[in-house]
Asks: 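Supplied in structure tokens, the structure appears directly below.
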Amino acid sequence: MKHALIITTISGFVPQFEQEHLKILQNMGYQIHYASNFNNPHYGSDNHRLEGTGMICHQVNFVRSPFLVFQNLQAYRQLKKLFQAIQFDLVHCHTPMGGVLGRLAARSMPQIKVLYTAHGFHFFRGAPFWNWLCITRWSGGWLI
């Protein structure tokens, strides 16, 4: 069986925005895992919408701020441990901090295909130049 991991910083993101992608991956034969901070249900008051989705949920203590270095290192270590425990074929990162930590954790594992969808990051006319510099060269391709 193929394994796909969806990473978001806050729980509730998948039922709010990614239901169709979840169904597509399941129809392609993937077992879906979801790594998020389930102690932080951002879309709704709890995680009840995750029930019945068929996803395997993994608690990762993500924080939304890039300046909370100790907490981000803890989340990175949790992701690395998860990647060592399960042979993922695909990792789909969402949200800025979940995306950064997910891509960093998967970097040493070339068998994993990594997708990053930039939600909440602003690429528009007049945006700060720094936003446009966040395109990263990543083992054979370009990721945003």
Asks: Of all heavy-atom pairs between Lys2 and Met28, which one has the smallest distance, and what is that distance?
Replies: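 Nearest pair, atom of Lys2 first, then Met28: NZ-O, 3.1 Å.
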Asks: At their closest point, which heavy atom of Ser11 faces which heavy atom of Ser36, and how far apart are they?
Replies: N-OG, 3.0 Å
Asks: Locate the shortest heavy-atom distance separating Lys80 from Ser108; write the atom from each residue and the value.
Replies: NZ-OG, 2.7 Å
Asks: Which value, rounded to the nearest 0.5 Å, describes the distance between Asn39 atom CG and Ile10 atom CD1?
Replies: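 The CD1 atom of Ile10 is 13.0 Å from CG of Asn39, to the nearest 0.5 Å.
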Asks: Working to the nearest 0.5 Å, report the span between CG of Asn61 and CG of Asn37.
Replies: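 So the gap between those two atoms works out to 5.5 Å.
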Asks: Among all residues two or more places apart in sequence or in another chain, which pass the side chain to side chain contact (heavy atoms under 4.5 Å, CB included) test with Lys23?
Replies: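 Lys23: side chain to side chain contact (heavy atoms under 4.5 Å, CB included) contacts with Glu20.
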Asks: With no hydrogens and no angle check, just 3.5 Å: does a side-chain donor-acceptor pair link Gln87 and Asp89?
Replies: no
Asks: More than 12 heavy atoms of other residues, nucleotides or ligands under 6.0 Å from NZ of Lys113: yes or no?
Replies: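 Result for NZ/Lys113: open.
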Asks: Check whether any side-chain N or O of Arg103 sits under 3.5 Å from a backbone N or O of Gly99 as a donor-acceptor pair, and report yes or no.
Replies: yes
Asks: Looking only at atom types and distance, does a side-chain atom of Gln59 sit under 3.5 Å from a main-chain N or O of Phe38, one as donor and one as acceptor?
Replies: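 Yes: the side chain of Gln59 pairs with the backbone of Phe38.
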Asks: Check step by step if side-chain contact (heavy atoms from CB on, under 4.5 Å) holds for Val60 and Leu79.
Replies: CA-CA 7 Å; Val60 176; Leu79 281 176; 4.2 Å; yes
Asks: Any chain of hydrophobic side-chain contacts (each under 4.5 Å) joining Leu101 to Met109?
Replies: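 Linked within one cluster.
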Asks: Ignoring hydrogens, what is the shortest heavy-atom contact between Leu25 and Ala4? Give both atom names and the distance.
Replies: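 Nearest heavy atoms, Leu25 then Ala4: CD1-CB, 4.4 Å.
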Asks: Holding to ring pair (Phe, Tyr, Trp, His ring centres under 6.0 Å), I want the full list of residues that pass it with Phe88, two or more places apart in sequence or in another chain.
Replies: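 Result, ring pair (Phe, Tyr, Trp, His ring centres under 6.0 Å) vs Phe88: His33, Phe83.
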Asks: Does one side chain, of Thr8 or Tyr34, offer a donor that lies under 3.5 Å from an acceptor on the other?
Replies: yes
Asks: side-chain contact (heavy atoms from CB on, under 4.5 Å) between His92 and Ile7: does it pass, once the steps are laid out?
Replies: CA-CA 6 Å; His92 193 178; Ile7 299 174; over 6 Å; no
Asks: Rounded to the nearest 0.5 Å, what separates atom CE in Met1 from atom OH in Tyr30?
Replies: 12.0 Å
Asks: How many angstroms lie between atom CD1 of Ile86 and atom CD1 of Ile112, to the nearest 0.5 angstrom?
Replies: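 The distance works out to 10.5 Å.
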Asks: For Gln71, give me all partners under side chain to side chain contact (heavy atoms under 4.5 Å, CB included), at least two apart in sequence or on another chain.
Replies: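 Expected list: Val63, Leu68.
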Asks: Would you give the length of the straight line joining atom NE2 of His58 to atom CG of Leu82, rounded to the nearest 0.5 angstrom?
Replies: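 Going from NE2 on His58 over to CG on Leu82, the span is 5.0 Å.
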Asks: Would you give the length of the straight line joining atom NZ of Lys81 to atom CZ of Arg77, rounded to the nearest 0.5 angstrom?
Replies: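 Reported value, rounded in 0.5 Å steps: 12.0 Å.
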Asks: Please name the pair of heavy atoms, one in Ala75 and one in Phe62, separated by the smallest distance, quoted to 0.1 Å.
Replies: CB-CD2, 4.0 Å
Asks: Apply side-chain contact (heavy atoms from CB on, under 4.5 Å) to residues Leu22 and Ile32 and explain how you reach the verdict.
Replies: CA-CA 8 Å; Leu22 176 66; Ile32 310 298; 3.5 Å; yes
